[in-house]
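Starting from 1, each residue takes its place in the sequence as its number.
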Amino acid sequence: MTSLAKTFEPGPIEQRWYEHWETRGLFRPDRGDAEPWTIVMPPPNVTGSLHIGHALDNTLQDILTRHARMRGRDARWVVGMDHAGIATQMVVERQLEERQDKRTNYTRDEFVSKVWEWKEESGGQITRQLRRLGASCDWAHERFTMDDGFRRAVTHAFVELYRRGLAYRDKRLVNWDPKFQSAISDLEVETREVHGHFWHLKYPLAEGDGHVSVATTRPETMLADMAVAVHPDDERYRALVGKAIRHPITGRLIPIIADEHADPELGSGAVKITPGHDFNDFEVGKRAGFKPAEMLNMFDAEARLVQTADGLIPGDLIGLDRFEARKRVVAMLESEGVLEKVEERVIPTPFGDRSGAVIEPWLTDQWYVDAAKLAAPVLEATRSGAIKIVPKTWEKTWFNWLENIQPWCVSRQLWWGHRIPAWFDEDGKVFVAETEEEAQREADDKTLQQDDDVLDTWFSSALWPFATLGWPDETDELKRHYPNDVLISGFDILFFWDARMAMQGLEFMNEVPWRTLYLHGLVRDAVGQKMSKSKGNTVDPLGLIDRYGADALRFTLAAMESQGRDIKLEEKRVEGYRNFATKLWNAARFLQMNGVGASQSIAAPQARLPVNRWIIGEVVETLAKLDRAFDELRFDDMADSIYHFTWGTFCDWYVELVKGAFDDETRAVAAWAFDQILVMLHPFMPFVTEELWHAMPRDGDSRPYELILAKWPAPEAVIDRDAMSEIDWLITLVSETRSARMSINVPPAARTDLWVLAEYQASEGPRHTAPPTAELVGRVERNRATLARMARLNYVTFFNTGVQFDLRSGERFDRTTSERPIADPGIQVVAAGNTYFLPLQGLVDFDAERTRLADSLAATEKERDSLAARLDNPAFTERAKPEAVEKARSDHAERAAEAERLAAALARLG
């Protein structure tokens, strides 16, 4: 047996055990024909570092993986990194800029080589950080979305989609980043509130007098207006539909059309329509009969004004940046007398989350996937139950998005990524093939040029559940581990990754990628605000690990992960669970000092003593709660059940109840129960449990085997309800007695007597009712030593019968009525359905205590009521900062609980 250090220090323990597990291949032990269990890690960006969202996501995955492994499953946690096209290219370009260099000084192949060099030197730090968290991934089969096998899978998938008519080229609006000069996904667009303006303009009618008023936040785009829309039921404009207005700057005639997009209640009820530069207007334009090829586009890739149609842009504006052009257009409108007014407004504005540039809706030729056709099988799989979404409340969002899905733009104007396997001849005809040689054969002798674009990162990562297992080859691993069992995901990538995995999995594998999709919430700061660098409220998980250990952080995240709710992370919670690990450590030291080693049996030992039969039953009940929580993916319930059993039931009560009474039976039961704790707690706190498992080694002739491979508990012990009832009674009586003494400041070392009453009223004396049951007498007699030690009692007297026990000597007496001092001052204690009386003559100044408690109660009730009035005031709850309101609610709850405690203490004195 290894003697444990007096102080628990997680750092060295964590490093030592992780290296031990990984170097010995224990994350993926050879399980032969064991039932497979599979989960894939959402591949972090190769540029990334561990943030608190990663920590939550991977903690939950690791809990399930370790649990499955301990249940004997062939548990495989697929791990790897995403090439992160735009993020990685940006990092390397920034490095070049620091050396006064730039990407365009190199050929495409030369630049891609530099990216690979960066990846080998600096990429992938997040995988090292995940190891610090304790992630038990299948590192031996780590994948990268740009490795050779994965590149082949991505190419094959695109070509197959094209051949099936599901991938095509089209002209549509995209989110265009003028800095990167590339289309980006919705996830890479960040909407910010920006102080801007609302310009109200007059568009003169082409015939006769009059005008139509419109308003815009981007007046420069009016140069590409193609219509003015009014609602078909708006009587004000019914006669104008089909007529035209004259553009106030260029004189172009623009039709007035009817479309329900126009809101009669908003502004003038008329809206300018610019299909080439606004997503809503694009749809209006299509309904009006404009083909995408006809829609006017007034910007180049850098968002500078460009002439794309005769007379579209005044000559002196060509080449201007869009924001400079805005100023010039406003000046022109002012000079023409058509600028009605300007209002200052806060404008929701889209920005590139990495470039910081304002995103421009831009009409351009891109590659698309027919997402609507791919979504149909996903909808059916979800409705049939083949895909289960947890929590179920996310189903409505899932269905709504899939039922209204738009074509998926999969091309990006970058150099780093999966280059689209499409080649164009000189006439623009496209040839899509897996290799250039194959495309050349299809094109005969024509000269071909490969498309410069690469595929969206989300396209390649959508293949993750099966491409990581060897697809498109029919490998044994693919047959064995697809579909996966569960996916753990943040709801923020529900559409960008989760739904697209479901689409690609059903399309290429004819099977769902995973049976259950679990969506967790966001990790917010202590007052519920979203974390961001600009707010300065981000939390570094590695810093928390340095201060409190990985086990403490993991347990915090699991305990706070409640289905359908975000996490408000407070550092004091992490500190609290570090104290939990210390509590476990100290319990192990106490057991060691009392000759308790490791259990010699997986099965529960035979036990005679009620306290040992009680703890065996508590283990069985805790395991049942834990198993049920695992089945329902309720991580907070998992953590709650093992925490309360370990800290409260075992450490606080069982250890105290058996203190000084470690016979062979108790040692065997204590060893078995502690083993069960280590096994049940291991998925949540793997490091400290592995250390303690080895500190109490297995018996006999072999070295201790690793806890990571231990069998999940399945005790067949019969729960002794009588023993559990008796010990629960004992714990309740001791707790209530201690609480009552503390509430009126009885000196901690003072010993008192205890009277067992049926009912007691000080003004009338005792009422003669049925005596306490023989069972209660027996309980007192069997637990006399514990009551004497833990409740600081000398004698227990049954008032109605006169039966009295000297708890220290064990003697029993029968007292007469005259020997029952019912008039002594004291307090009542109600516990487990019985009323008890503690005589406290000479130990407490009752008048002073009544005064103290009454004064404290009055002050606490005043604070409570003041806070309640504040919270009932809408002027406070609606206008104050959310954190101030939250603090007021918390303070009110504390004061209310304190008032209740003080009132109970005062009532005891009465």
Side-chain angles (χ1 to χ4, degrees), residues 40-46 78-89 108-109 112 115-116 119 123 141-169 182-185 187 366-371 374 407-423 430-439 450-475 477-478 482 484 493 496-509 513:
V40 296
M41 177 189 293
N45 288 350
V46 66
V78 176
V79 63
M81 290 186 297
D82 192 281
H83 64 280
I86 197 166
T88 305
Q89 181 163 320
R108 183 185 191 121
D109 289 343
V112 169
V115 179
W116 278 107
K119 191 260 181 186
H141 297 92
E142 183 178 356
R143 299 302 302 270
F144 181 50
T145 54
M146 286 287 283
D147 66 31
D148 290 341
F150 212 91
R151 290 167 70 96
R152 177 168 159 256
V154 172
T155 299
H156 180 76
F158 182 84
V159 172
E160 279 298 305
L161 289 174
Y162 179 80
R163 289 172 178 169
R164 298 176 189 184
L166 296 171
Y168 57 93
R169 195 163 172 81
S182 174
I184 63 174
S185 72
L187 189 63
Q366 301 285 343
W367 285 96
Y368 290 87
V369 166
D370 190 342
L374 292 180
W408 174 17
C409 177
V410 296
S411 49
R412 299 290 183 267
Q413 290 63 52
L414 303 169
W415 280 3
W416 171 247
H418 295 278
R419 196 167 179 183
I420 293 176
W423 286 262
V430 66
F431 299 88
V432 175
E434 295 195 30
T435 64
E436 186 173 3
E437 292 74 19
E438 185 182 340
Q450 186 174 359
D451 196 321
D452 285 329
D453 292 352
V454 299
L455 286 165
D456 175 19
T457 297
W458 296 105
F459 182 90
S460 51
S461 62
L463 310 177
W464 194 247
F466 50 95
T468 51
L469 300 173
W471 185 87
D473 295 332
E474 289 289 331
T475 65
E477 285 289 276
L478 183 63
Y482 188 93
N484 308 161
I493 56 172
F496 303 101
W497 190 48
D498 305 344
R500 288 165 178 170
M501 275 191 291
M503 293 178 195
Q504 301 284 51
L506 283 162
E507 178 63 27
F508 292 115
M509 299 296 297

- line: Between the CG atom in Asn484 and the CG atom in Leu469, the distance rounded to the nearest 0.5 Å is 7.0 Å
query: Between the side chain of Arg412 and the main-chain N/O of Ala183, is any donor-acceptor distance below 3.5 Å?
result: yes
- prompt: So, do Val115 and Trp415 sit near enough that their side-chain heavy atoms are less than 4.5 Å apart?
  reply: no
statement: Of all heavy-atom pairs linking Phe158 and Val410, the shortest is CE1-CG2, 4.4 Å
query: Should Trp367 and Leu161 count as side-chain neighbours, where that means a heavy-atom distance under 4.5 Å?
result: no
- request: Indicate yes or no for a side-chain donor-acceptor contact from Arg143 to the backbone of Gly149 under 3.5 Å, with no hydrogens or angles considered.
  value: no
- prompt: Does Gln504 have any side-chain hydrogen bond (donor to acceptor under 3.5 Å, both in side chains) partners at least two apart in sequence or in another chain, and if so, which?
  reply: none
query: Roughly how far apart are Tyr482 OH and Thr475 OG1, rounded to 0.5 Å?
result: 13.0 Å
ring-ring contact (aromatic ring centres under 6.0 Å, His included) involving Phe144 - partner list, sequence neighbours excluded: Trp116
- prompt: Does the pair Arg169 and Asp451 meet the rule for a side-chain contact (heavy atoms from CB on, under 4.5 Å), with working shown?
  reply: CA-CA 11 Å; Arg169 195 163 172 81; Asp451 196 321; 3.6 Å; yes
field: Non-neighbouring partners of Phe508 that pass ring-ring contact (aromatic ring centres under 6.0 Å, His included), sequence neighbours left out
entry: Trp471
statement: In short, salt bridge (charged side-chain N to carboxylate O under 4.0 Å, His left out) pairs touching residues 497-507 with sequence neighbours left out are Arg164-Glu507
field: Pairs involving residues 463-472, ordered by first then second residue, that meet salt bridge (charged side-chain N to carboxylate O under 4.0 Å, His left out) (sequence neighbours left out)
entry: none
- prompt: Partners of Glu438 by salt bridge (Lys or Arg N to Asp or Glu O under 4.0 Å), sequence neighbours excluded?
  reply: Arg163
message: Can you give me the closest heavy-atom contact between Val159 and Pro421, atom names plus distance?
response: CG2-CG, 4.0 Å
message: Using every non-hydrogen atom in the two residues, find where His156 and Pro472 come nearest and quote the distance to one decimal.
response: CD2-CB, 3.7 Å
field: Nearest atoms (heavy-atom pairs only) where Pro43 meets Trp497
entry: CD-CZ2, 3.7 Å
task: Could you tell me the separation between the CD atom of Gln413 and the CD1 atom of Ile86, rounded to the nearest 0.5 Å?
output: 9.5 Å
query: Looking only at heavy atoms, which two atoms of Leu414 and Gln89 are closest? And how far apart?
result: CB-OE1, 3.5 Å
Non-neighbouring partners of Gln450 that pass side-chain contact (heavy atoms from CB on, under 4.5 Å), sequence neighbours left out: Arg419, Trp423
query: Under 3.5 Å, side chain of Thr88 to main-chain N/O of His83, donor-acceptor pair present?
result: yes
task: Go through the structure and list residues passing side-chain hydrogen bond (donor to acceptor under 3.5 Å, both in side chains) with Arg152, not counting sequence neighbours.
output: Asp473
- line: Between the CG atom in Asp147 and the CZ atom in Phe150, the distance rounded to the nearest 0.5 Å is 7.5 Å
message: Among residues at least two apart in sequence or on other chains, which ones pass side-chain hydrogen bond (donor to acceptor under 3.5 Å, both in side chains) with His418?
response: none
query: Can you name the side-chain hydrogen bond (donor to acceptor under 3.5 Å, both in side chains) partners of Asn45, sequence neighbours left out?
result: none
Determine all donor-acceptor pairs shorter than 3.5 Å in which one atom belongs to a side chain in residues 459-468; sequence neighbours excluded.
unit_1	atom_1	unit_2	atom_2	d
Ser460	OG	Thr457	O	2.9
Ser461	OG	Thr457	O	3.3
Ser461	OG	Trp458	O	3.3
Trp464	NE1	Met41	O	3.0
Thr468	OG1	Trp464	O	2.5

- request: Examine the side chains of Ser411 and Gln366 and answer whether a donor and an acceptor come within less than 3.5 Å of each other.
  value: yes
